[in-house]
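Everything on this sheet refers to the single structure shown next.
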Amino acid sequence: MPILVKNKHTLLIDEFKFRCCIGKKSTTINKKEGDKKTPIGTFKIENLYFRKDRIKKPETSLKCIEIKKNMGWCDDVYHQKNIINLLK
């Protein structure tokens with residue numbers, strides 16, 4: 001399925017248009033944490049996380065994972081758990 005970022009405000013997926021946002025400092029091939037840039041590349045869409053208290057499970061072929069209260073994640077590359085995962 002082709003997904004195209006038409007401009008810094010519009011994401012096109014087939015005939016559907018979505019509002020989106022590109023990094024404050026545009027895009028880059030060499031993404032670095034905190035550079036305020038959106039990475040350029042081809043990426044897989046693997047899982048869809050959703051909140052059951054807000055929406056029903058979406059009808060999709062993606063693997064749907066319900067967000068639970070005990071779940072959490074961190075983008076900080078210097079967070080201890082992320083450093084351990086990088087070393088694996």
Side-chain angles (χ1 to χ4, degrees):
M1 165 191 332
I3 298 175
L4 173 68
V5 178
K6 184 175 180 179
N7 58 47
K8 69 182 216 172
H9 303 291
T10 308
L11 176 70
L12 298 175
I13 303 174
D14 294 329
E15 72 273 8
F16 300 100
K17 287 185 181 182
F18 298 91
R19 288 181 12 187
C20 71
C21 183
I22 300 295
K24 191 173 187 174
K25 293 187 177 180
S26 192
T27 57
T28 185
I29 292 173
N30 301 312
K31 173 73 180 131
K32 294 184 181 132
E33 188 69 30
D35 64 5
K36 299 182 180 174
K37 295 180 181 180
T38 298
I40 295 172
T42 302
F43 307 96
K44 290 182 180 180
I45 300 176
E46 295 179 356
N47 300 324
L48 185 143
Y49 293 86
F50 72 101
R51 284 185 50 178
K52 189 176 177 181
D53 63 323
R54 294 208 176 165
I55 62 169
K56 64 181 182 176
K57 181 181 174 185
E59 290 186 33
T60 178
S61 59
L62 293 173
K63 180 179 177 184
C64 293
I65 300 171
E66 179 185 340
I67 297 172
K68 308 267 185 179
K69 288 187 178 201
N70 66 344
M71 293 171 76
W73 47 86
C74 175
D75 290 358
D76 184 353
V77 295
Y78 298 109
H79 188 271
Q80 180 181 3
K81 201 171 190 178
N82 291 332
I83 291 172
I84 291 169
N85 289 332
L86 287 172
L87 295 174
K88 288 183 180 179

P58 and L48, any side-chain heavy atoms less than 4.5 Å apart
yes

Taking atom NZ as the centre, does K31 end up with more than 12 heavy-atom neighbours from other residues, nucleotides or ligands that are less than 6.0 angstrom away?
yes

State which residues pass side-chain contact (heavy atoms from CB on, under 4.5 Å) with I29; sequence neighbours excluded, sorted by chain then number.
I40

Could you tell me whether the side chain of I22 reaches within less than 4.5 Å of the side chain of T27, counting heavy atoms only?
yes

With heavy-atom distances below 4.5 Å as the criterion, would you say the side chains of E66 and Y49 are in contact?
no

With sequence neighbours left out, what residues match R51 under side-chain contact (heavy atoms from CB on, under 4.5 Å)?
D53, R54, I67

Listed partners of K44 passing side-chain contact (heavy atoms from CB on, under 4.5 Å), at least two apart
E46

Point-to-point distance, once rounded to the nearest 0.5 Å, from NZ of K24 to NZ of K36
5.0 Å

Could you measure the distance from the SG atom of C64 to the NZ atom of K52? Nearest 0.5 Å is fine.
12.5 Å

N30 atom CG, neighbour heavy-atom count above 12 within 6.0 Å:
no

Please report the interatomic distance CD1(I65) to NZ(K57), rounded to the nearest 0.5 Å.
10.5 Å

